[in-house]
Amino acid sequence: MSPLEQLDQLAQSISPQTRFHQYLQIEKPILKAVEETPATERVRVALMSSFTIRPLNLLLTLEGAREDLILDVYFSEGRQSVQETIDPRSLFCKFDPEIVFYFLELNSFFPNSSNMELGDKENQIVIDKILELYHQFSINSKGLFIFSNFILPIDFPFSAFQNKKEKWFIRLNQDLNEKLLSFNNAYTFNLEELAQFFGKSRLSNPLLKYSSDILFDHVFMSFLSKKMLSVVKSVKSNPKKCIVLDCDNTLWGGVIGEVGLEGIDLSSQGQGSEFYTFQTQLKAISERGILLGINSKNNLNDVMEVLEKHPHMILKKEDFACIRCNWKNKSENMVSIAEELNIGLDSIVFIDDDPSQRKLIQDTLPSVKVLDLPKNPAHYPEFLQRNNDFESIKPTFEDLNRAKFYQAKKQRNDLATQNKSFTSFVQSLNTVLTIGSPRQKDIPRLSQLTLRTNQFNFTTKRYTEADITAMIQSSNSKIFYLKSKDIFGDDGTVGMAIINPKSEEIYVIDSFLLSCRVLGRFIEETFLRAIIKRLHEESVKIIQANFIPTTKNIQIPDFLSRIGFKLKTESGKERVYEMDLINVENHLFSGIQVIEDYSDE
Amino acid sequence: MNEQLKAIFKEVFDIDITEQNLTRDDIPEWDSLRHVGLILEIETQFGISCSVEEAMQMISTDIIKEILKDHGIE
C-alpha cells in the first residue's frame, strides 16, 4: 500500500464519534506514512498555538489524505509558538513550512485579559504585536501566514444586549483582517465564524480546558480540520472552477416538464424557500468567481421559461456560463460543458439530487467531484455551507468578473461566425494588450495563474506568491505579465512569462502561460513575439523554451514551431526548443495594439 | 480488580494491569495527552464526572481505584 492509501485507510477509520485516545493510537502509523512519502510530495503545514492543539495535527493529515494531499504537520504549543517564529535556528524555521496557522488567544497578549478594561490602546497593542510577529515570520519564512481571528467570548452574566466587550472584539477582528490583507502572503482565518457555526457552548470540554489547557474539544477540531484543509487546498491543489447543476429537485422542487412554471416549488417564503436559499448561496459562490452550469434532462424551453420568468428564481439565464438541457446522457453533456468552458473535468463539481445520475458521473468521469446531496432539500443549504471546495483566500479582480468574461467570450464567438475572415474578425475586436514587468499588486493574480492554468502552459510549474516575490527581488529572472482588453470588456491579467538568463546571450523560458479564455485570437503569438522582440533589442542571441508535456498542453509544440522555435533536445519528459534571434523575422500581428509598460514603481 | 478499568488500560495503553500498582513512571506511553484520553475514558465508561483536581491526581492505578471508590465504584 502506498503511504497515501495507508493514510486514506486511517482517515476512513475515524468519524466524529472517534474517542480522544483513539486518535493517539493512530498517531504512529500516520507519522510513519508521512515519513515514507518523498519530501517533495509533502505539503508542509505548521500549527502554532498558545494552547494545546494536538491532536489537530493528526486530524489535518487525515483530512488531507481524503483529498489526496499528504500533509506533514509541525506543531508548537504554548509560549514556544511565538519564540520559535522569531528564532531563525528553531525547529519551526528548519521545518520551513509552506502554510502556517496561528491560534493565539487574547491571553497570550494580556495575561489577565478577561479582567481588563479593553479599549483603543489595547486594540493597538494586539494589532502591533501581531504585525510584529508577521514581520519576524517573514524574515525567516516564505510561507503563508494565516492568523486565526479571536473568538468573541460569551458574556458573563449572559446578556441579551450587545455589550462593550463584544464590540471591542468585533473591531479587533476587522482591523486585523484589514491589516493582514495588505500583505501578499498574510490572511486571517475566520475562527470566530466557525466557532459560531459549530456552537460556542460545545467548543471545549470544561474538564480538559481547566486541567490540560485544551481549549478545543476533538469534535470541534475535526470540524476545524476540514475548514483548514480547504485553505491548504486553495493554495496547493487544482482549484474548482465550475459547479454543474441539475434542475428538477435540485434548483427547485418538482419536475418542470410535468407540473409547469406555476407548479414547481420555489418561493422566497414558506414551501420552496429551501430552494430559494440554496440558489442564494450558489449565487454568492458564483460571485466569488466560480462558474455555474446546468446539466439537466429536460426540454430546453421548459428550463428557459423558469430561468426567464419565474419570479423567485435567484439564478437567471446570465448567471450560467453553460446550459445543457436535453435528453442525452449526462456524462456526454458534462464533457461538452468542459470543452465549451475550456476547463478540465477535474475542476468541475456536480450537484444532482438523483443518486443514479451521481453514480453515472462518478463511474464514467471519476475526475469530476460529485457531491452527495442530502435526500431532504431542507438540508441543502447547510450541506453547501459545510462544503469546502470553493475556498478562495483572496479573490482577484479576475475571479470576481469571471462569469462576465465567459459571456463576453460567447459574444466574441457569435461575432466570429458572422465575420468572413478570421483576421478581420480579430481586427474587429480592437484588442489592446499591455505587457510589462509586475508590481507588488500583480503578484497574487500571477501566482494564481500558475496554479490554475493547465492548457496553455509550457511547463505547468506552480509558483506561490512568495516564490514570485523572491524571483522579482532576485532581479535575475525576467517576469512579464499580460493584460488584455477588447470591445467586449477588460479581461484583466491573462498571462505571464518567466525567463531566466543562461548566459548573457542565451535566455531560457521557464514558464509561459495564458488563460484559456483568450486563446485563439493571436494574443498568445503577440505576447511571445513582443517578449522576443524586447530580448532581441537587449542583444539576446538565442532563446530556449522548456516544454514539459502533460495531457492538457498538447497544443504547445505546434505553437512553438509557428513562432519559429526548433526542437533541440529531449531528455525524459522535458524538451528544449530553441530559436536563433539572428536574422529572425519576428513581426507582430498588426491587428492587435501592444502597450509596453516596463516602468519601475 | 475492576474489569472495566482493566479494559480501559488495555484500550488506552495496550497494557494488562494487575493488582500491583502502576504509576505514570511505569508506563512510558502515559504522556500528558494520553492522560487526557484516559480521563475521558474513565468518565464515559463509568458514567462519572471528575473534578479538575481528581483528573490531575489520577497518576497511578491505585489512586484511580481510590477516586473511583469515592464515586461509589468498587
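Lettering follows sequence order; numbering is per chain, from 1.
Within 6.0 Å of the OH atom in A/Tyr210, the count of heavy atoms belonging to other residues, nucleotides or ligands does not exceed 12. No more than 12 heavy atoms of other residues, nucleotides or ligands sit less than 6.0 Å from atom NZ of A/Lys209. Within a 6.0 Å radius of NZ in A/Lys32, no more than 12 heavy atoms belonging to other residues, nucleotides or ligands are found. Residue A/Glu193 places its CD atom among 12 or fewer non-hydrogen atoms of other residues, nucleotides or ligands, all under 6.0 Å distant. Other residues, nucleotides and ligands contribute more than 12 heavy atoms inside 6.0 Å of the CD atom of A/Gln385. More than 12 heavy atoms of other residues, nucleotides or ligands shown are found within 6.0 angstrom of CD on B/Gln57.
A/Arg54 CZ to B/Asp31 CG: the interatomic distance, rounded to the nearest 0.5 Å, is 6.5 Å. Rounding to the nearest 0.5 Å places CE of B/Met56 at 7.0 Å from OG of A/Ser212. B/Ser32 contributes atom OG, which lies 10.5 Å from atom CG of A/Asp213 (distance to the nearest 0.5 angstrom). Annotation: the span from A/Glu27 atom CD to B/Leu33 atom CG amounts to 7.5 Å, rounded to 0.5 Å. In this structure, OG on A/Ser211 lies 10.5 Å from CE on B/Met58, to the nearest 0.5 angstrom.
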For a side chain to side chain contact (heavy atoms under 4.5 Å, CB included) check, start with the C-alpha distance between B/Glu43 and A/Leu207, then their side-chain angles and the critical distance, and finish with the verdict. CA-CA 10 Å; B/Glu43 276 201 324; A/Leu207 179 64; 3.4 Å; yes
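The part of B/Ser51 that comes within reach of chain A is its backbone (N, CA, C, O), which places non-hydrogen atoms under 4.5 angstrom from that chain. For a residue to count as touching a neighbouring chain, one of its non-hydrogen atoms must lie under 4.5 Å from one of that chain's; by this rule A/Leu208 touches chain B with the side chain only.
The shortest side-chain heavy-atom distance between B/Glu11 and A/Arg19 does not fall under the 4.5 Å cut-off.
Distance alone, capped at 3.5 Å, is enough to place a donor-acceptor pair between the B/Arg34 side chain and the A/Leu24 backbone.
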